[in-house]
Each structure stands twice: as C-alpha cells, then as structure tokens.
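Per chain, numbering begins at 1; letters A, B, ... match sequence-line order.
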Number of protein chains: 2
Amino acid sequence: MDINDEKLIKLFHSRGFKVTPQRLGICNYVLKSTDHPSAEKIYSNIKKKYKTISRATVYKTIALLKEMGLISELNLNTTPSRYDPNQNIHVNIICPKCNSISDYESEVVEEFFLNLKSELDNDILGQNLDVYKICETCSKKK
Amino acid sequence: MDINDEKLIKLFHSRGFKVTPQRLGICNYVLKSTDHPSAEKIYSNIKKKYKTISRATVYKTIALLKEMGLISELNLNTTPSRYDPNQNIHVNIICPKCNSISDYESEVVEEFFLNLKSELDNDILGQNLDVYKICETCSKKK
DNA sequence: TTATCAATTAATAATCATTACTCTTTGATA
DNA sequence: TATCAAAGAGTAATGATTATTAATTGATAA
C-alpha cells in the first residue's frame, strides 16, 4: 500500500482514532515494510525515534492496523507473529532455515483463489497461503 | 491415515522409539481425530485413560508424530496450536466464530498445488492453505 | 486560546501455551 | 533377570502477548 502521513491522518480521523506521533511512526514503518516484521522488530525500530515507547503501544497499533484492514497477521505456527502489509492474494514463501518470508504473486495463485472462492459459495472472509522452501541465500550457504 | 496399534508399534520400532501405553493412546487418538484437536484437548482426552499423564508427555508425543510426518501443526495465528493427521493436499476451512476447522480437498486445490510447485522449481518442503468462512452451524445460529 | 475529557501512552504486572528440567519409572536388550 | 538409556510425571521457567493503572495528550467547543 502506498502510504504517507496525510493519508494515514485521514484514515485515523475517518475512523475516529486520534492521531499521535507514535501511531504515525509505527504505521509508516509497518506499511512500508517488506520483510514481514515481528512486533519486536517494529518495537526496536520505532524505539530509535521514540525512546520511551512501550511494547504495549506497538501491539495496540498493530491491532489497529489489522482492524483497519491495512495489514494481516501471518498464520505461522512459529512465535513471534509476523505481519504483512500486502493485502493482495499471494503465497507466503517461508524459509524454514532463516525464517525469511517473501510474497509470491502469480496468475496461478490468483486463479486458484477465484476458483476456490466460487467453489465455496463466494463467501470467503480471508485466506492465508503458505509454502515452505529454502531461500536462495540459505541454499547457497549449503 | 488408517492406523492401529500394530502399525504404530512397527513405526516406533523402525525409528528406534520405545513403545509405551501412553504413546499408543495419544497417537491413536490424534491420528483418528477429525476435529483438529489442540494439545489441551488431546491431554484431557487421554487423561481419562491415564490419570497421571502429564502435558509434557502430550507435547513430546505430538513432536514425535510431527517428526514421523504423521501429523501437521496447523499454521494459525490463534493459540493454542491445532493438529491435523490429514497429510493430503487440502485447504483448512476455519470458522472465525467457533474456531472449528474442516479439511477441504478438491481438484482445484490439487491442481493449484501442482502448478505452484512447478512454478517454484518443484522443491516445496510443505504447505499450509487456510481459508476463513463462517461454518454452517454458526451461520444458522445468527 | 484555553479548559475539558476521553483516548492514548508508558510502565509494569498478569496470563497462558509451550518448553526445560529433574527425578523416577519402564521398555528393550543380552 | 539385570542393566541402562529412553520415557514419564511433576513442576519450574520461558516468552510472546494482553491487561491494568496512572499520567499524558489530542480533539472539541466554549
């Protein structure tokens, strides 16, 4: 999602949420991320700018972003949770060695979802598609 | 998976694992389950037969079953974890209201996986496909 | 511009699934 | 039947997340 402060402020106001510097900082960071960060990653990053920020604030802002439909919490059975601002239909390719995650979009994925959706009476509320595969970096390492 | 004590005993022996009544009990229960039980569900069930069984034993046996490739831990961001003995390619249809899970297999799912696999150089190590949809029971309740 | 007040933050405690640990028991082998 | 590593029971520890509480701060309206 292409995002900036102005858009975020409008979104918050339209939902009746207050605009705070911490929120803007966390949201900007998460929405621009491509590495599927954990709460801890988000926390340690935002801490650079807001020295006294608390983990609770990070978790609450994550919940806010989920509620607004701007990010998804990935369905991994690993802890901690990881978050993704990509709301297109895609497959998460997860490397079991280094836990890196990359999004994969293709015709095949798109079509599958449409076909499945029609098989399931078109009332799917959400989806999560994961595939495990050693990433390039790890397969080179050997 | 069609399972019985005889098969399980062979499996354990072939892997060098000891055969214990607790193990047989837990494995039988999980492998025959269709409701994607949690560790706690497994524990409370097996407790009926083995009064002094410990959760640690349940968790260790679950790990054993995963290691043997007989069950999968579902990728849900909800806690506790849920387990599935169905090792066919399938979609987990999850009801966000009651957290029930049902397996869905079809041509569409099968073909998608084969196509995706070939797109990803055929070296997929595992997969997890989830879809959220209100179950029949919950949609009736209203 | 300032007063008001509910929403938000920071800090900390609590929760709870899971894992680690320790000691006791037991299955498998010779 | 003795031996011993593996497994079990019980309990403590871990760690991510959530709840709580008191202080702070946006947003609104006088």
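Taking the side chain of A:I53 as heavy atoms from C-beta on, and the options C:dA10, C:dG27, D:dA27, the nearest nucleotide is C:dA10.
Note on B:T20: every side-chain N or O is 4.0 Å or more away from OP1 and OP2 of C:dT26. Close to C:dT19, at under 4.0 Å from its OP1 or OP2, lies no side-chain N or O of B:Y59. Of the side-chain N and O atoms in B:H13, one or more sit less than 4.0 angstrom from OP1 or OP2 of C:dA28. For D:dT25, the OP1/OP2 oxygens have no side-chain nitrogen or oxygen of A:Q22 closer than 4.0 Å. Residue B:T52 has a polar side-chain atom (N or O) positioned under 4.0 Å from OP1 or OP2 of D:dA9.
Applying the salt bridge (charged side-chain N to carboxylate O under 4.0 Å, His left out) rule to pairs touching residues 47-69 of chain B yields B:E40-B:R55, B:K66-B:E73, sequence neighbours excluded.
At least one side-chain heavy atom of B:D35 sits under 4.5 Å from a side-chain heavy atom of B:K41. For the pair B:N88 and B:E110, the minimum side-chain heavy-atom distance is 4.5 Å or more. A 4.5 Å side-chain heavy-atom check between B:I26 and B:I42 finds at least one atom pair inside the cut-off. Looking at A:D84 and A:H90, their side chains come closer than 4.5 Å, going by heavy atoms from C-beta outward.
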Check against side-chain contact (heavy atoms from CB on, under 4.5 Å), A:L76 and A:I101: CA-CA 11 Å; A:L76 307 177; A:I101 301 166; 3.7 Å; yes
CA sep, side-chain torsions, deciding dist, call: B:I9, B:L24, side-chain contact (heavy atoms from CB on, under 4.5 Å): CA-CA 8 Å; B:I9 291 170; B:L24 286 176; 4.1 Å; yes
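As a whole-Å value, the separation of B:K49 NZ from D:dA9 C1' is 19 Å. Summarising the geometry, the separation between CD1 on B:I62 and P on C:dA17 is reported as 13 Å, rounded to the nearest angstrom. Rounded to whole angstrom, the span from the CZ atom of B:R55 across to the P atom of D:dG8 amounts to 16 Å. Look at OH on A:Y50: it is 19 Å from P on D:dT24, rounded to the nearest Å. Whole-Å rounding puts the B:L65 CG to D:dA7 C1' distance at 15 Å. Rounded to whole Å, atom C1' of C:dA11 lies 18 Å from atom NZ of A:K51.
Criterion: ILVMFWY side-chain heavy atoms under 4.5 Å apart, direct or through other members. Under it, A:L129 and A:I124 are part of a common hydrophobic cluster.
With axes fitted over five pairs at each extremity, the angle between the ends of the helix from C:dT1-D:dA30 to C:dA30-D:dT1 is 30° (10° resolution).
Residues from residues 72-84 of chain A placing a heavy atom under 4.0 Å of any atom in DNA chain D, listed by number, are A:T79, A:P80, A:S81. Remark: nothing in residues 35-47 of chain A comes within less than 4.0 Å of DNA chain C through any heavy atom.
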Scan nucleotides 2-6 of chain C against the protein and return all N/O pairs shorter than 3.5 Å with their distances rounded to 0.1 Å.
residue : atom : partner : partner atom : Å
C:dA6   : N3   : A:K18   : NZ           : 3.3

Review item, nucleotides 21-23 of chain C N/O atoms under 3.5 Å of protein N/O:
none

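You'll find a donor-acceptor pair under 3.5 Å spanning the side chain of B:S54 and the base of D:dG10, going by distance alone.
By the 30° and 60° cut-offs, the orientation of the rings of A:F112 relative to B:F112 is parallel.
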